[in-house]
Structures are given as structure tokens and as C-alpha cells.
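All ligand and atom numbering here is 1-based and tracks the order in the structure.
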Amino acid sequence: MTPSPRKDLPLAERLLFEVLKPGRYLCSEVNAYRKSFEKASTRFVLAFPDVYEVGMSHLGLRLLYHLLNRLEGVVADRVYTPWTDFEGKLRESGEPLRGIESGMPLKAFDFVGFSLQYELSYTNLLTTLDLAGIPAASEDRREGMPWVVGGGPCAYNPEPLARVLDFVVLGEAEEVLPEIIQVFESWKASQGTRTEFLETVAAIPGIYVPSFFDDSYHADGTIRALRPRHPHLSVLRKRIIRNLDETSPIPDTPLVPMVDIVHNRLSLEIARGCTRGCRFCQAGFIYRPVRERNPGTILQKAEEALAHSGYEELSVLSLSTGDYCRIVPLLTGLMDRFAHEKVAVSLPSMRVGTLTPELMGLIRRVRKTGFTLAPEAGSERLRQVINKGISDEDLLSTARTAFGLGWRLLKLYFMIGLPTETEDDLDAMVRLCLEVWKLAKPSKSSINLSIATFVPKPLTPFQWVGQISREEMEDRLERLKARLRRPGIHIRWNRPDQSVMEAVFARGDRRMGEVLMRAWRSGARFDGWSETFRPEIWERAFEQSGLSPSFYAQRERSPEEILPWDHLSAGVKRDFLWEESLRAGKGEYTPDCRRGRCSSCGVCDHKTVQPELRKEAEPLVLSTQSNAGAQADEEVVYLLRYSKTGVMRFYGQLEIARSFQRAIRRSGLPAAYSRGFHPHLKLSFAGALPLGLESLVEEACLTLLGHVDPRRVQIDLNRVLPPGLTVEEVAPAPRTGDRPRSRKATYLVEPLSPWEVRSLCQSRAKNPWEILVKKTKRGEIRAKLEEILLDLRPRGDTALEMDLYEGEQVCFRPTAILEQLLREPAQRFMGCLIRKIASSELLDTKGDEDVCRAHH
Ligand code: SF4
């Protein structure tokens, strides 16, 4: 009888053997809080409705994670939407979705707070709730169930989710969340009803309770009224924090993921808000006014965060980084302090015109990190319409400087379908791209060109305009792609049908909730991912609900029409937005209020809320403490023997290598770096242990500057490595020529059935000439069984030890051998413990070539 997978593993962990990227669902991150769930009086789970790699890259959620966990009595866990394979496994097993740190079912939390960043993630939100066993409709949630909360940019029009969300946080959550928790704890103590809690929480400024508003519609489908049930709830205004450094401090112990995430670096928010006034940009209106962090504080926080994380890249973030008043002194300070530690600095969101040669010169001191230039529109006329305020020459001169300073790749970002766009604007886009391409050609540089489709967003001057049709998008994209097909230009574009859906949900009303639910029930998942988006499901859902996507996406709204978000305010006046839309039509430019006069958008009261004004030439002296010059010249190589056990078996070799690199940086050991354009730590690994296997005898070579006591290396590394990775021994490494070419690796496999143990032992004895086949990228490797499986010994009735040949190139997975000899599928062995327990040099064997040739 075949034994089932190891019973000692928690069920959720056992399921991970059968999914892609199991590390997504495990909390092995360095600096995770792991507070006691039982002792907490308020349990909050921050939910991101997309996969871990996307959610963990979101800075806002990470800020809130630290903010909540610093509150006494509060535990903040995280959850990301399981990819479809894990969703399937959870459904099959009946296992509920759990917080990744506490391992507690989501249903056991008091709050599930969703970050609403992208309209096409709404079905993922429903998946998350469903897998947690939490009813999707707020009215179906009973006493003791968590409160489902939403926040983020999409919360400014949460109407498609109005039946799902218990309440919504408008604006910046840093001050509101502690207020909500206070209200919650008093309500819990008073044993009040759910309605009583909602009534109290609705009194907090910045909180919107959708169920306290009723919607009604005209015969033509437009909104007749969105009426509050209580007269004091008319227009709800967002919350603004005044001082970022005080209210939203940069975490000095940032989370460090094991899995490679989209933005795998230290992100430092240096400012919030942007008042350039690009008329299509929702962020530019909802995050007003501009507030900057103190450069000295940023530098100090960067120092602490890098020491605690070991990140090798630091990203300086704001909506328009070049507009930070003291960007040059700040960048100079960062480079002076961290360049010798080979920490690269990136400025991903730079407005054309602010990326000066001086800034580029500073960035390249360590590594030429990438940046994107976003003219958005091809012609200067259209850029006037959208209030972009940059000329062709601004773009060309930035590109010229970048290529001149050695950048070999430039990213350009354009949009199609902007209001008033004509054939001439598209011609201009092609001309401009080709001019940049010509500048790239002499240095054989290339261009990554991203073309997005304009999506009209709420609370922008373009909230009233219609989106172009899907057919028109496809037509314009095809023509652009054909005209820009050149060697060295790589074009990426958004799927038109996804852009239509984004527009539908961005300006959808409450009736869209029904479409959403129908589509989700029919299998819509990860709609923001082109490989999983299924337009036919959505078409059916619209038909069944009697609604039309074009009503929401393509229809132009009149200024009198009630918009679904008219009762929610980001502080910018509706009249101001309308005025701006008229100015767009006339091509009139509205200057940045930080450089000129206030255009009275409505956000500031100029007493408690006001913008941080530019201090153009203000000198700034940053006290930087540089360790440059502390390096010794002599390089000494150490051999590390380490074990990889427990959850670490779910991480691949690249993840293990990155984890070691960051641990070495955190340890403060004097690591040596390679020279060249992309300096990296001198650390190499002997072989790659396949995913799912444990080992007590892995090896790596680390080069340090100068002699360090091996015991100290071991202690310093073990202090900072994540649980499951342990350095067992450190010794000076043998010279390269003295390192063994081939090894005997011993694996312990358990549990197997007694029949399987007997059968395996017999098959090697009976058929030593059986040919093992391994498929690699470079072709097939074939070898005789006896050349690879050197020995096989039972250990009791249900375990065995296998000695395997492992050469420089030839290495067979123990599971592959088990599969072939027992004629069982790979899944059979997924729950087995397979651990490498010994590894020794093979003195008298042939090399890889002999082993592979032997079967001929
Ligand atoms: S109120 Fe005036 S100063 Fe404040 S963000 Fe608006 S335009 Fe700028």
C-alpha cells in the first residue's frame, strides 16, 4: 500500500508540494513581526488581491504593516491571493486560507483590510474572501465575522464593491487605522451589534460605509440619486496626514522576502503627492498636496534599513522624484554613504526634464539602474491637452545624455486614446520614438517601449470623457507596432479588452457588483494577467446582468450627470476638475502650484494643509558617515558548509543564493565584490539542490577581504540567516584546482512502503544497466543506473539511503530515480522527506563524460 504524504506536516504545507512557487505562501521573510495572535486584542490581516510577488512590492501596504504592528495589542498579518493552482488545492482539501505569518484562518481575524490598487483585481478579492469562508456580501456576515475594509486609489470609487465592503478608508490610512481600532475595542467591550459598530465607525472622518447610502437610477441608466440614510453623511472627504516623518515613519526593519518579487529592493518614499497636474493622472489629484520627508531623516532611515535588510539596491520613490526639493544633495548623500558598499540607487519615476546629467552621473557611481521616460503623448499639442508640459527636445536631450553616459537601455512610456488624439499625434509618436532610436543606434543601445491605453479615471479632469472603443485601440496599436518594428525597439502594450474592463470598473456604479459576482462565479480570476483574463466570461456576465460595457467605458458624461463617486472627495473640487477639462479642450497649460500661484484646487486650507514649496537652491549639508577606505586588499576564500531544512526546501537555488547574499551584507562581514558595471558579492555555490529537498551538507565559497576567524564567520552568519538555513562549518577553501570534480551524495528517503523499499533495492541489483534519462536545456543526458545509483540501503521497513553520483554537469534528482524505478508519478514522492545527509569526494571514479558515455 502506498503511504500518504508525511502526516507531521501541517495540511497547508503538504499542499505546497504540488504548486508552482510554494514560497509565495510561506512566511520566511526576514524582519517579519510574528506577534502572538492569541495575546492580541485586535487582529488585522492586510490583504492584497494579487499574488505575493506583486503585493509584497507595494510600499503602502508595507508601511501599514509596520505601523499596525508597532501598536500595542494589535497583530497585523498579511495575505495575498493564491494563484489558481493553490486555489484548486485549497478547494479540494477544504483547507481555509490563512494569514501567512500567524497561519490562522482569515475568518479568525477582526479585520480583513484590502488594498485596492487596480480595478482588475476585484475578482481576486472575491476569491480571497471565498477561500477564507467569509461571505462576499456584507449583509450576510454575522456577529463574530471579520470586518471587510477597502482602501487605496480604487477606494475613491468603491461602488462596484459596495455590497462587499463593510466600510472604506478614504485617503491616507496612517491616522485613521488607530482610530478605527480604538472604536473597535470599545465596541467589542460593549458587546454591541454590527450595525452599532458601523454607525460609530462612520463618524470617523474619512470613513465611508456604503450600506448607509441608497442608489436609484433614471430610465436611461444614469444615476438619479445616491442618498445617505443619515443626513450628516453627505460628502465624505479623504484623510490627509501633515507630517510624513512623524506619522508614517520609514520602517528601519523592512521585510526582506525570500521569493523574488517585482520590486525586490529597499523602497524609500521621499515625498507624497504631485501637483504637476497631468490631467489623465488620478494619483496627481488624489494624493495632493505635496509633502516631503526630511532628507537627513531619509538618510538615517536608509542606513538603518539597509543594515537590517542587506538589500543591494535602494529605490527613491515619489510620484515625481525629480521634483523633490533637495534631490541632488539627498542623492549625493546616499551615494557618498553607500557607494563603497555597492548599494545601487534607482530613481524609477522621473519626469522628463528633471532627470538632469548631474543626477544621472550620481546614479551611475555604482550601477546604471533603469528609469522610464514618460512623454505620454507623441505630439507637443497633445501634451498641452494633458498638461504634461514637456517638449520633444526635453525628451531627446535626456535620452542623448543617458546614452552618452553609458546607459544601454531606455524605457519609454506612451499612451494611446488620450482625449482629442488624432492621426497626427500618432505620427508624432512614431517620429519621436524613431528619433530616440537614432540616438540609441551608435552605442547599440535599445529601447523598451510601453504603450498603454488611456483609461478615464474618477476624480481627474478627464472623468467625464469616453474611452475609445476596443476596435479603435486594436487598430491604433497595430499601426504603431508595424511602423515601429525595428531592431533595438521592443514594444509592449496592454491588451485592449483589459483596458476596456479597467475603464468599466474605474467608473462603474453599484450595478457592476452583480456583473462582478457573476463573472467570478463563472471562473474569472486574475483579470489583470493577460494569460488568465477571459473576456468571454465578462461578456456573458454583462449580458446576464442586462448591462453594457460601453455604457461605462465609452460613454461621455455630461457635467450635470451624477457620477457614482460624487459623494466621495479627495479634496479637489469638482468645479476645479471641470474647469481643467475645459482648459484641456483649449490646450491651456495649468502650471504646478509649487512653482507659481495656487490654482485653488481645493485640497489646501493654507493653514493646516498646505503644499511643501520648492526651495530651489537651498544648500543642505548631510552628515554622512562613510566607511570607505576600510577595505583590506587581500582576498581570502572560505568554504561554508550549510544545512537547508524545514520550509527552506520550498525555495530554489536562486532564492537561497540571494538570501545568503543579503545575510552576508546584514552580518557586516567584510565581503569582497567583483569589479565592472554590475559589481556583485563574491559568493558561489556548489551545485543546486532541487526544490523540495533538504540537505545537511550544502557548500558555498565566500570571499572576504582579509583573514577573519572562521568561527566568527559562522556565528555572524547564523545570527542573520533565516530559520532553516544554518552554517554548520567554515574553513579556508581549497584552491580551485583542488576541489573535487565528482562526489558521492547520500540521501535519506522516508516514508516509503515496505514494498517500495524492497522493490527499489531489487531493481538496482536486477537491472544495473537500466538507462536513466534526464532532459536538460542542452539536450538529453543518459547514464547507466549503476553509474549514478552507487548504492542503496534500507533503513528499517519504510526508509532507505541512496548514494548518488554527482558530477560537475551530471546530477540526477533522487525523485527522478525513484519515479523511474518504481514507475510512479512525481506526485507520489512530493510529501516524502528527502534529505541529503552526506557528501564526499569520489576519488576513484570517472568524470561526467565517462559516466554518460558508459551506457553506449
Ligand atoms: S490648493 Fe492650491 S496649493 Fe494646494 S494643492 Fe491645490 S493648487 Fe496646490
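- Inspection of the Ser121 and Asn124 side chains reveals no N or O donor paired with an N or O acceptor under 3.5 Å.
- For Phe462 and Phe280, the ring centers are positioned 6.0 Å apart or more.
- Judged by distance alone, the side chains of Ser248 and Glu174 do bring a donor and an acceptor atom under 3.5 Å apart.
- The protein non-hydrogen atom at the shortest distance from atom 3 (S) of ligand 1 is Pro611 CG, 3.5 Å.
- At the shortest separation from atom 2 (Fe) of ligand 1 among protein heavy atoms lies Cys598 SG, 2.4 Å.
- For atom 8 (Fe) of ligand 1, the candidate residues are Cys593, Pro591, Gly596; the nearest heavy-atom contact is made by Cys593.
- Ranking the protein heavy atoms by distance from atom 4 (Fe) of ligand 1 puts Cys604 SG, 2.3 Å first.
- Residue Cys601: no N/O/S atom is found under 2.8 Å from atom 4 (Fe) of ligand 1.
- The pair Arg383-Glu376 does not meet the salt-bridge criterion, since no charged nitrogen lies less than 4.0 angstrom from a carboxylate oxygen.
- Counted by atom type alone, Trp464 and Glu561 present zero donor-acceptor pairs between their side chains at under 3.5 Å.
- The nearest heavy-atom contact from the protein to atom 7 (S) of ligand 1 is Ser599 N, 3.4 Å.
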